[in-house]
> 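The structure under discussion is supplied below as structure tokens; questions concerning it will follow.
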Amino acid sequence: KLMLEFAFAQNPKALLIDQRIKLRGQEERAEFESRIKELAKAGSSIVFVGLSIAQISKLCNRMIWLEQGQIKLDGTVKRVIPLFRKRAKQ
């Protein structure tokens, strides 16, 4: 978490974030999401590696679906999520 705070303070042009960041409670998660949105609004490119569709929907506007190391689909979150969910039900 300290490294994440350091990264936020640098106003990076690009940031890679893994979903496994340990956040304590809803307040800390809300602060994290707010900081991510601020960076994106300021023009930073953010790559968020995640498994939570809910969190991806909140934080991302573009989604790349990987399957067995290959790009299955690349597009807007609104386009990719329904197709991903449909595939998951099969």
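In this chain, numbering begins with 1 at the start of the sequence shown.
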> Indicate yes or no: at least one non-hydrogen side-chain atom of V47 is less than 4.5 angstrom from one of L15.
no
> Taking all atoms of both residues into account, what is the closest heavy-atom pair of R62 and I64, and its distance?
NH2-CD1, 3.9 Å
> Run the side-chain contact (heavy atoms from CB on, under 4.5 Å) test on T76 and N61 for me, step by step, so that the C-alpha distance in whole Å, both residues' side-chain angles and the decisive distance to 0.1 Å come before the verdict.
CA-CA 6 Å; T76 65; N61 55 21; over 6 Å; no
> Got more than 12 heavy atoms from elsewhere within 6.0 Å of CD, E27?
no
> Any side-chain to backbone donor/acceptor pair from S45 onto A14? Under 3.5 Å, distance only.
no
> Rounded to the nearest 0.5 Å, how far does CZ of R29 lie from CD of Q55?
5.5 Å
> What orientation do W65 and F84 show, parallel under 30°, tilted 30 to 60°, or perpendicular over 60°?
perpendicular
> State, to 0.1 Å, how close P12 and L39 come at their nearest heavy-atom pair, and which atoms those are.
CD-CD2, 3.9 Å
> Side-chain contact test, heavy atoms from C-beta onward, threshold under 4.5 Å: evaluate it for I17 versus V49 and give yes or no.
no
> Surrounding CD of E67 (heavy atoms of other residues, nucleotides or ligands, distance under 6.0 Å), is the total greater than 12?
yes
> Just how far is it from atom CG of L83 to atom CZ of R85, taken to the nearest 0.5 Å?
11.5 Å
> Find the distance between SG (C60) and NZ (K37) and round it off to the nearest 0.5 Å.
10.5 Å
> Would F32 and E28 count as a side-chain contact (heavy atoms from CB on, under 4.5 Å) here? Give the steps.
CA-CA 6 Å; F32 165 76; E28 206 169 269; over 6 Å; no
> Please tell me whether L66 and L73 are part of a single hydrophobic cluster in this structure, the criterion being side-chain heavy atoms less than 4.5 Å apart.
no
> Under the criterion side-chain contact (heavy atoms from CB on, under 4.5 Å), I'd like the reasoning laid out for M63 against R79: C-alpha separation, chi angles, the key distance, then a yes or no.
CA-CA 9 Å; M63 181 175 172; R79 177 173 172 249; over 6 Å; no
> Rounded to the nearest 0.5 Å, how far does CD1 of I36 lie from CD of E31?
10.5 Å
> Does the side chain of E38 reach to within under 4.5 Å of the side chain of F8, using non-hydrogen atoms?
no
> With rounding to the nearest 0.5 angstrom, report the CG to CD1 distance, L51 to I56.
7.0 Å
> Quick check: does any side chain N or O of S57 sit under 3.5 Å from a backbone N or O of I53, one acting as donor and the other as acceptor?
yes
